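Input: a single structure, listed below in structure tokens.
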Amino acid sequence: MFPSTSPDAGRESWPAEPHAGPAAAATRAPRTGPATTDGDRRERGGPRRARRSGEPARKSEDEVDEPEEEVVPPVEVHRQLALTIAGFAALLGVGLVLGAQTSGPGHRLPFAFIIFGVQLLFVLAWTMAMRPPALLVVAGISVAVAALADVAAVQSDIAGLAPLGYLAVGGFVAAVLGQLVRRVDRVRVTDSLGATLLIVVGVVAFGTLIVLSRIPAGTQAITVCLTASGVALTVARLTDAVLPWPRLAPQVPRGAAGVVAGAMVGTLTSALLGSYLVAPFTPTRAAVIGLVAAVTAVLADLAVGYAEAGRLMAGEPPTMWVARHMQGPLGGFALAAPAAYAMCMLLL
């Protein structure tokens, strides 16, 4: 009888590859370690990775730690504070506009005294808020530059900005040199160049209003631009007291509705003034001039809020309460003054 199974059943099957011969077997590296079966082998998609003792080879998708986003709570908007700042902006605008009306040929000193008072407020607010090195030195030089700028604007033979520009450069250089005297302040000079420049240029910028009052139609341009700026700043702060939405940044207690509404109402007010003023003013020209002044003032006020939020986030201690909140309207009018001069030269 024949066996039920083939005699070759227990033998290994021939390999699929051809017999390599003795030479290939000699070059093949010997395999060490325990033998592994086909079931224990794992397919690897890449090279082996060395791992430390006690560390798993790879983490599962659930074990991967994802950084959690830190939710910053929005800063509370104080309505009483917003109303107070709005009132200060309105009073400052009215004072500057009425002071411009007192200016006339041969009678520039009353307006110059009003401008000098505003410059003193500007120096006080900005030096206390930004706190540059050698604070008293910077404040003293800024006051001296403000006085010299007003005198140059009144006494110069030709109404121009060249004397004010020279004073701004000289005052900035003197303030930086005053900060370099003390070793303690010398370390922070490079970080405070921007703050020193803003303080010195800001006080000189108010002097452009005196120069503008000496130009034909300049007093009317001052009335239109400063009225638009004052209305824009006041409306923006009043809107923030009622509806600070949508928030521009969680750390800044300002809303986009106030910025847009202030610029629009300021432009409308300047257009209405232009319809009552004599030539060369028209409602269209007055609206364009007022739009530039209003947008400039509102954006400067908003930039002050962002700068204050940045200082608080950096860990700097808060400064004098009154100085911090006077800084925005004063900065807005300081930037609107040269804008008014430029628009008067271009359009009138």
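Just so you know, these numbers come straight off a predicted model, no measurement behind them.
Sequence neighbours left out, the pairs with a member in residues 106-116 that pass side chain to side chain donor-acceptor pair (under 3.5 Å) are Ser103-Arg108. A side chain to side chain donor-acceptor pair (under 3.5 Å) check over residues 283-298, counting only residues at least two apart or in different chains, returns nothing. Residue pairs satisfying the side chain to side chain donor-acceptor pair (under 3.5 Å) criterion with at least one member in residues 126-139, sequence neighbours excluded, are absent. Residue pairs that meet the salt bridge (Lys or Arg N to Asp or Glu O under 4.0 Å) test with at least one member in residues 309-321, sequence neighbours left out, are Glu308-Arg311.
The main-chain N or O of Gly255 is found under 3.5 Å from a side-chain atom of Asp240 such that the two form a donor-acceptor pair. A donor-acceptor pair is defined here as one N or O able to donate and one able to accept, closer than 3.5 Å; such a pair exists between the side chain of Arg214 and the backbone of Ala153. Under the 3.5 Å distance criterion, the side-chain polar atoms of Arg254 are left unmatched by any main-chain donor or acceptor of Gly305. Formation of a donor-acceptor pair under 3.5 Å by the Ser213 side chain with backbone atoms of Ile210 is found in this model. Side-chain atoms of Ser270 do not come within 3.5 Å of backbone N or O of Val224 as any donor-acceptor pair.
Here the closest heavy-atom approach between residue Gly160 and residue Tyr341 is recorded as CA-OH, 4.2 Å. Nearest heavy-atom pair across Leu164 and Ala149 is CD2-O, 3.4 Å.
Taken to the nearest 0.5 Å, the CG atom of Leu243 stands 12.5 Å off from the CG atom of Leu238. Distance check, rounded to the nearest 0.5 Å: OG of Ser192 to CG of Leu135 gives 10.5 Å. Rounding to the nearest 0.5 angstrom, the gap separating the OG1 atom in Thr234 from the CD1 atom in Ile85 is 11.5 Å.
A 6.0 Å sphere centred on CE of Met264 holds no more than 12 heavy atoms belonging to other residues, nucleotides or ligands. The number of heavy atoms from other shown groups lying within 6.0 Å of OH (Tyr166) does not exceed 12.
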Please report the C-alpha distance between Gln101 and Thr219 in whole Å, then the side-chain angles of each, then the deciding distance to 0.1 Å, and finally whether the side chain to side chain donor-acceptor pair (under 3.5 Å) criterion is met. CA-CA 7 Å; Gln101 299 301 320; Thr219 302; over 6 Å; no
Between Leu248 and Tyr306, is the side chain to side chain contact (heavy atoms under 4.5 Å, CB included) condition met? List the steps. CA-CA 10 Å; Leu248 296 173; Tyr306 273 92; 3.4 Å; yes
Test side chain to side chain contact (heavy atoms under 4.5 Å, CB included) on Thr84 and His325 and set out the steps. CA-CA 9 Å; Thr84 304; His325 302 301; over 6 Å; no
Decide yes or no on side chain to side chain contact (heavy atoms under 4.5 Å, CB included) for Val97 and Ile222, but give the supporting numbers first. CA-CA 7 Å; Val97 171; Ile222 293 174; 5.8 Å; no
From CA spacing to verdict: side chain to side chain contact (heavy atoms under 4.5 Å, CB included), Val200, Ile141: CA-CA 8 Å; Val200 176; Ile141 293 176; 5.5 Å; no
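Under the side-chain contact (heavy atoms from CB on, under 4.5 Å) test applied with Val288, the options Leu347, Leu346, Thr282, Thr267 reduce to a single match, Leu347.
Hydrophobic clustering, with ILVMFWY side chains joined whenever heavy atoms are under 4.5 angstrom apart, groups Leu233 together with Val322. At a threshold of 4.5 Å between side-chain heavy atoms, the hydrophobic network of Ile, Leu, Val, Met, Phe, Trp and Tyr places Ile199 and Leu335 in two separate groups. In the hydrophobic clustering of this structure, Val77 does not group with Leu83; members are Ile, Leu, Val, Met, Phe, Trp, Tyr whose side-chain heavy atoms approach within less than 4.5 Å, directly or through other members. In this structure, Leu209 is a member of the same hydrophobic cluster as Ile215, with clusters built from ILVMFWY side-chain heavy atoms closer than 4.5 Å. Following chains of ILVMFWY side-chain contacts shorter than 4.5 Å, one cannot reach Val235 starting from Leu96, and the two form parts of different hydrophobic clusters.
Met326 is not listed as a side-chain neighbour of Arg324, based on a closest heavy-atom distance of 4.5 Å or more. When side chains are defined from C-beta on, Leu81 counts as touching Trp321, because their heavy atoms get closer than 4.5 Å.
With sequence neighbours excluded, the residues satisfying salt bridge (charged side-chain N to carboxylate O under 4.0 Å, His left out) with Arg237 are Asp301.
Checking Thr196 against Gln179 by side-chain atom types alone, a donor-acceptor pair falls below 3.5 Å.
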Give the table of side-chain donor-acceptor pairs shorter than 3.5 Å for residues 111-119, with sequence neighbours excluded, one pair per line with atom names and distance.
{"residue": "Gln119", "atom": "NE2", "partner": "Asp150", "partner atom": "OD1", "Å": "3.3"}
{"residue": "Gln119", "atom": "NE2", "partner": "Val203", "partner atom": "O", "Å": "2.6"}

